[in-house]
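A short write-up of the structure that comes next.
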Amino acid sequence: MKQTIEVKNLSTSYYGKEALHQISFSFDTGKLIGIIGPNGAGKSTLIKSMLGLIKKDAGEASFAGMSLKKVRKQIAYVPQRAAIDWDFPILVLDAVLLGTYPKLGIFRRPSKADREWAYECLEKVGMEAHSKKQIGELSGGQQQRVFLARALAQKADFFFLDEPLVGIDVTSEEVIMNILKDLRDEGKSIFVVHHDLTKVGEYFDDLILLNKKLIKSGPVKSVLQPELMREAYEAQFSLLDTMGVFS
Ligand code: ADP
């Protein structure tokens with residue numbers, strides 16, 4: 001049977017002001033999905049609402065037919081880099097090991113096998129040489145790769161990444177996108193909040209175009225339509241046209 005990730009009628013507000021209005025969409029599992037829309041469109045809020053990290057006013061999300069409660073341990077979430085305290089003193093390998101905790105339970109100490117698995121995940125993102133550094137010593141791109149390694153360590157089925165490519169170097173961007181594509185090829189479902197529109201066609205299978213309400217969701221080509229983009233981006237639209245986003 002075909003499995004889907006579904007959001008139905010999701011609305012969320014902050015202090016009485018609505019940030020998301022009755023969002024509904026459905027995607028097959030095993031897709032790499034970009035969430036796009038202008039600043040303040042509610043992209044981060046959508047992820048956080050789907051994952052129960054903030055309280056929603058209404059609506060529900062289901063993951064391959066299961067409720068959030070049932071799949072929570074199969075979900076990996078990489079928050080925006082700006083939302084993380086990088087001064088927190090933790091070694092790179094230990095930060096990755098944290099990814100194994102949802103499976104371990106908080107009272108079990110990681111085993112040698114867990115440490116080896118964490119190291120393997122660091123290798124996948126090309127960061128094993130930095131395993132003994134403090135996370136605060138790394139560049140932005142390196143930090144983002146370590147957080148992806150932590151998500152990999154979790155062996156999740158559903159991945160949610162909030163702006164993983166912002167302010168990082170070209171190599172890190174390539175490493176991250178290749179890993180996300182590999183995960184997709186293994187049948188994992190990946191949602192990525194993304195704001196640079198120039199490469200969306202190359203990077204994603206499907207898109208969610210938002211501006212407080214859902215403008216359109218579906219395969220990239222069906223979403224990257226000038227009239228839909230105009231509706232979402234309003235003032236910035238002519239700039240997008242000059243950038244060649246629609247060509
Ligand atoms: P995006 O990720 O698309 O830039 P966000 O989801 O961060 O958008 O924000 C959507 C709207 O909700 C914006 O108007 C933003 O100012 C507001 N918002 C986001 N987080 C909070 C918060 N913690 N408290 C109050 N308002 C918030």
Side-chain angles (χ1 to χ4, degrees), residues 32-36 39 43-44 47-48 51 53 73-104 109-186 188-205:
L32 183 43
I33 299 159
I35 304 175
I36 60 171
N39 256 340
K43 302 182 294 295
S44 293
I47 292 194
K48 290 178 189 161
L51 302 185
L53 299 169
K73 287 182 183 169
Q74 277 114 269
I75 292 176
Y77 169 58
V78 181
Q80 272 184 25
R81 210 155 50 80
I84 296 166
D85 176 8
W86 295 102
D87 293 329
F88 186 80
I90 184 168
L91 299 179
V92 166
L93 186 71
D94 292 336
V96 178
L97 257 177
L98 284 176
T100 63
Y101 283 18
K103 293 252 167 23
L104 283 175
R109 289 181 64 80
S111 64
K112 184 160 176 274
D114 293 325
R115 297 189 77 81
E116 281 167 5
W117 169 236
Y119 191 82
E120 233 176 88
C121 293
L122 265 184
E123 284 178 329
K124 286 188 196 196
V125 301
M127 284 295 294
E128 70 279 10
H130 304 272
S131 70
K132 291 191 175 120
K133 282 194 181 152
Q134 294 285 333
I135 50 164
E137 290 177 64
L138 305 177
S139 73
Q142 292 174 330
Q143 290 174 340
Q144 202 59 257
R145 278 150 75 177
V146 169
F147 268 65
L148 180 57
R150 186 183 113 170
L152 294 174
Q154 214 180 311
K155 297 182 179 161
D157 291 316
F158 308 95
F159 291 77
F160 290 79
L161 298 92
D162 199 341
E163 305 242 38
L165 307 181
V166 164
I168 69 173
D169 55 289
V170 180
T171 311
S172 295
E173 178 160 337
E174 248 174 53
V175 169
I176 289 170
M177 285 316 301
N178 284 337
I179 288 175
L180 296 183
K181 285 178 180 168
D182 287 348
L183 287 170
R184 183 265 320 274
D185 294 344
E186 289 166 22
K188 315 283 188 185
S189 305
I190 306 129
F191 288 80
V192 182
V193 172
H194 189 65
H195 85 216
D196 173 9
L197 292 171
T198 51
K199 287 188 181 161
V200 283
E202 191 184 316
Y203 282 174
F204 302 109
D205 303 317

side-chain contact (heavy atoms from CB on, under 4.5 Å) between Leu93 and Arg115: does it pass, once the steps are laid out? CA-CA 8 Å; Leu93 186 71; Arg115 297 189 77 81; 3.7 Å; yes
Closest heavy-atom pair, Ser44 versus Val193, reported as atoms and distance to 0.1 Å, is N-CG2, 4.4 Å
For the atom pair CG (Asp182) and CG (Leu152), what is the distance rounded to the nearest 0.5 Å? 9.5 Å
Report the distance from atom CZ of Phe159 to atom CD of Gln154, rounding to the nearest 0.5 Å. 7.5 Å
Looking only at heavy atoms, what is the nearest atom pair of Glu202 and Lys181, with distance? O-NZ, 3.3 Å
Test your reading of the model: is there a side-chain donor-acceptor pair from Gln74 to the backbone of Phe158, 3.5 Å cut-off? no
For Asp205, which residues count as a salt bridge (Lys or Arg N to Asp or Glu O under 4.0 Å) partner, sequence neighbours excluded? Arg184
How long is the span from the CD atom in Glu137 to the CD atom in Gln143, to the nearest 0.5 Å? 10.5 Å
Test side-chain contact (heavy atoms from CB on, under 4.5 Å) on Arg145 and Ile168 and set out the steps. CA-CA 10 Å; Arg145 278 150 75 177; Ile168 69 173; over 6 Å; no
dist Arg150:CZ -> Tyr77:OH (nearest 0.5 Å) comes out at 10.5 Å
So do Leu32 and Met177 actually touch side chain to side chain, heavy atoms under 4.5 Å? yes
Thinking salt bridges, do Asp94 and Lys132 make one under a 4.0 Å N-O criterion? no
With Glu163, which residues qualify under salt bridge (Lys or Arg N to Asp or Glu O under 4.0 Å), at least two apart? none
Is there a side-chain contact (heavy atoms from CB on, under 4.5 Å) between Asp114 and Leu97? Walk through the geometry before answering. CA-CA 7 Å; Asp114 293 325; Leu97 257 177; 4.0 Å; yes
Under 6.0 Å between the ring centres of Phe160 and Phe191? yes
Between OG on residue Ser131 and CG on residue Leu91, distance to nearest 0.5 Å: 8.5 Å
In terms of heavy-atom contacts, Ile190 and Leu180 come closest through CD1-O, 3.3 Å
Which heavy atom in Ile90 sits nearest to a heavy atom in Gln134, and how many Å separate them? N-OE1, 3.1 Å
Could you walk me through whether Ser172 and Gln144 satisfy the side chain to side chain donor-acceptor pair (under 3.5 Å) test, starting with their C-alpha distance in whole Å, then the side-chain angles of each, then the deciding distance to 0.1 Å, before giving a yes or no? CA-CA 8 Å; Ser172 295; Gln144 202 59 257; over 6 Å; no
Hey, does His195 have a side-chain heavy atom less than 4.5 Å from the side chain of Ile36? no
Ile35 side, atom CD1; Ile47 side, atom CD1 - distance, nearest 0.5 Å: 4.5 Å
Validation row: Val192, Tyr203 side chains within 4.5 angstrom (heavy atoms): no
Write down the atom of Val96, the atom of Cys121, and the distance for their closest heavy-atom approach. CG1-CB, 4.2 Å
Leu165 vs Asp196 side-chain heavy atoms within contact, under 4.5 Å: no
Is there a side-chain contact between Ile179 and Ile176, using heavy atoms and a 4.5 Å cut-off? no
Let me see the working for Lys133 and Leu138 under side-chain contact (heavy atoms from CB on, under 4.5 Å), right down to the final yes or no. CA-CA 8 Å; Lys133 282 194 181 152; Leu138 305 177; 4.1 Å; yes
With a 4.0 Å cut-off, would you call Glu120 and Lys124 a salt bridge? no
Flag the pair Lys199 / Glu173 as yes when at least one side-chain heavy-atom distance between them is below 4.5 Å, and no otherwise. yes
